[in-house]
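For reference, the structure discussed in these notes is given below.
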Number of protein chains: 2
Amino acid sequence: MDDRSAEALNRLRRVGGRVTPQRRIVIEALIDAHPHPSAEDVAERIAEVAPEIHLSTVYRTLNTLTELDVITHVHLDHGRSVYHFVDDSGPHLVCRNCGAVAHVPADTFGAVSDEVASATGFTLGHGHFAWSATCPDCTSA
Amino acid sequence: MDDRSAEALNRLRRVGGRVTPQRRIVIEALIDAHPHPSAEDVAERIAEVAPEIHLSTVYRTLNTLTELDVITHVHLDHGRSVYHFVDDSGPHLVCRNCGAVAHVPADTFGAVSDEVASATGFTLGHGHFAWSATCPDCTSA
DNA sequence: ATATGTGCAAACGATTTGCAACCCT
DNA sequence: AGGGTTGCAAATCGTTTGCACATAT
């Protein structure tokens with residue numbers, strides 16, 4: 001079992017939550033999916049394996065895992081959001097147009113983060129944050 | 001009449017659009033509102049002056065102005081978005097929680113933008129872009 | 001004259017919620 | 001046993017759309 005799965009289940013138990021088959025499957029789907037799946041991506045993946053699991057259960061689990069700081073999500077242009085594990089290497093760039101994702105170099109982020117904080121008081125959070133941008137593909141299109 | 005209003009109306013005419021009273025009022029509301037109103041903020045403002053103007057007209061006008069590059073919008077945490085004129089002094093920080101806005105110092109932005117482009121190929125667009133962060137108020141809460 | 005815009009109501013897509021049945025611990 | 005969890009259906013929220021009527025050019 002993946003470390004992230006074990007970790008997630010532990011956190012669930014720690015707060016008095018139950019480890020249900022549905023939750024295991026949602027977590028597995030999150031791990032097996034590409035690195036930044038939307039709720040629907042996760043749901044589709046699950047549908048192939050366990051079609052009885054209701055969409056609302058997927059959402060509820062995603063929310064629970066978010067509260068436990070196991071995952072976070074980033075909002076894309078039209079209501080959709082993409083989820084990822086919190087330990088996934090810091091800040092992201094998200095293409096405003098197609099949702100493609102890249103990582104901001106850590107040192108760039110650190111420097112900017114400091115400058116922004118001292119200039120404005122705003123905090124650029126760690127996992128909880130993304131820069132909207134245009135990816136190379138959409139730039140040329 | 002505000003420059004921005006004149007400019008917006010000109011662009012409308014230039015593409016064969018019509019300058020209707022509704023559109024004038026939406027543009028005025030955008031100018032008179034605080035710098036980053038949501039569609040609903042704009043609509044509320046309008047309701048006080050011209051309650052006949054339908055919400056869908058507000059949305060349609062906002063979309064039209066977006067296509068004409070007069071305004072852009074930034075998505076907040078829960079589906080809502082905030083609008084602003086494109087010429088509004090570059091990049092923004094938007095509080096992921098409450099929607100409060102601050103400006104990223106221009107020199108910080110320039111440097112980051114270059115680094116990000118060379119490292120990832122992603123383009124941090126000018127008016128079309130925002131960083132989600134947490135404002136001082138929401139950080140302490 | 002005629003293309004464009006408007007009001008209205010109904011449709012949308014993503015996400016959430018109330019509730020009764022269910023099943024981890 | 002007992003409370004957290006699920007499935008389902010209905011509700012919500014912001015935004016969009018089809019259509020008949022109105023209007024700017």
Side-chain angles (χ1 to χ4, degrees), chain A residues 8-27 29-30 36-44 46-47 49-68 70-83 94 99, chain B residues 8-27 29-30 36-47 49-68 70-83 94 96 99:
Chain A
L9 298 177
N10 283 340
R11 295 206 191 186
L12 268 175
R13 283 190 259 259
R14 202 175 306 147
V15 297
R18 277 91 206 264
V19 174
T20 63
Q22 291 88 331
R23 284 177 169 179
R24 284 178 189 281
I25 290 170
V26 172
I27 294 166
L30 234 16
H36 299 85
S38 64
E40 214 189 329
D41 292 336
V42 175
E44 270 173 33
I46 290 172
V49 177
E52 337 77 62
I53 299 185
H54 197 275
L55 223 203
S56 68
T57 299
V58 175
Y59 277 109
R60 279 194 276 231
T61 302
L62 255 15
N63 287 341
T64 302
L65 294 176
T66 299
E67 277 159 26
L68 295 178
V70 172
I71 59 177
T72 1
H73 57 275
V74 169
H75 295 269
L76 266 45
D77 238 26
H78 185 232
R80 263 199 188 76
S81 5
V82 297
Y83 293 80
V94 180
Chain B
L9 298 178
N10 283 339
R11 295 207 191 185
L12 268 175
R13 282 190 261 258
R14 202 175 307 147
V15 296
R18 278 92 207 262
V19 174
T20 64
Q22 290 86 331
R23 285 177 168 180
R24 282 178 191 283
I25 291 171
V26 172
I27 294 167
L30 234 16
H36 300 83
S38 64
E40 214 190 329
D41 292 336
V42 174
E44 270 173 33
R45 214 174 177 84
I46 290 172
V49 177
E52 337 78 58
I53 299 184
H54 197 274
L55 223 204
S56 67
T57 299
V58 175
Y59 277 108
R60 279 194 274 231
T61 302
L62 255 15
N63 287 341
T64 303
L65 294 175
T66 299
E67 278 159 26
L68 295 177
V70 172
I71 59 177
T72 359
H73 57 276
V74 170
H75 295 270
L76 265 46
D77 237 24
H78 184 232
R80 265 201 190 71
S81 7
V82 297
Y83 293 80
V94 180
R96 182 177 181 79

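Order of the sequence lines fixes the chain letters, A, B, ..., with proteins taken first and strands second; residue numbering starts at 1 for each chain.
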Any A/Asn63 side-chain nitrogen or oxygen under 4.0 Å from OP1 or OP2 of C/dT15: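 The answer is no; no side-chain N or O of A/Asn63 sits under 4.0 Å from OP1 or OP2.
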Can you sort out the partners of [X] under side chain to side chain donor-acceptor pair (under 3.5 Å), two or more places apart, ordered by chain and number?
| X | answer |
| --- | --- |
| B/Arg13 | none |
| A/Ser38 | A/Asp41 |
| B/Thr64 | none |
| B/Arg60 | B/Ser56 |

Touch class at under 4.0 angstrom, heavy-atom based, for A/Ile53 against every strand present: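 If one applies the 4.0 Å heavy-atom cut-off, A/Ile53 turns out to touch the sugar-phosphate alone, with no base involved.
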Test ring pair (Phe, Tyr, Trp, His ring centres under 6.0 Å) applied to B/Tyr83 - qualifying residues, sequence neighbours left out: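 In terms of ring pair (Phe, Tyr, Trp, His ring centres under 6.0 Å), with neighbours along the sequence ignored, B/Tyr83 is linked to B/His73.
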Atom pair distance, as rounded to whole Å: OH in B/Tyr59 and P in C/dT6: 16 Å
Rounded distance in Å - CG (B/Leu55) to P (C/dC8):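 Going from B/Leu55 (CG) to C/dC8 (P), I get 11 Å.
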Contact letters for nucleotides 17-25 of chain C, in which S counts primed atoms plus P, OP1 and OP2 and B counts the base, heavy atoms under 4.0 Å: BB-----BS
With sequence neighbours excluded, residues passing side chain to side chain contact (heavy atoms under 4.5 Å, CB included) with A/Ile53: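 Testing A/Ile53 for side chain to side chain contact (heavy atoms under 4.5 Å, CB included), a comparison that skips the adjacent residues, returns A/Gln22, A/Ile25, A/Ile46, A/Ala50, A/Thr57, A/Val58.
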With sequence neighbours excluded, residues passing salt bridge (charged side-chain N to carboxylate O under 4.0 Å, His left out) with B/Arg18: none
Those residues that, when tested against A/Glu40, pass salt bridge (charged side-chain N to carboxylate O under 4.0 Å, His left out) (two or more places apart): A/Arg80
Start and end of chain A contact along DNA chain D [non-hydrogen atoms, under 4.0 Å]: D/dG2 to D/dC8
Earlier contact from the 5' end, DNA chain C, for B/Val15 and B/Thr57: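 On the 5' side of the pair lies B/Val15.
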Rounded (10°) bend between the five-pair end axes of the helix from C/dA1-D/dT25 to C/dA14-D/dT12: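 End-to-end axis angle for the helix from C/dA1-D/dT25 to C/dA14-D/dT12: 30°, rounded to 10°.
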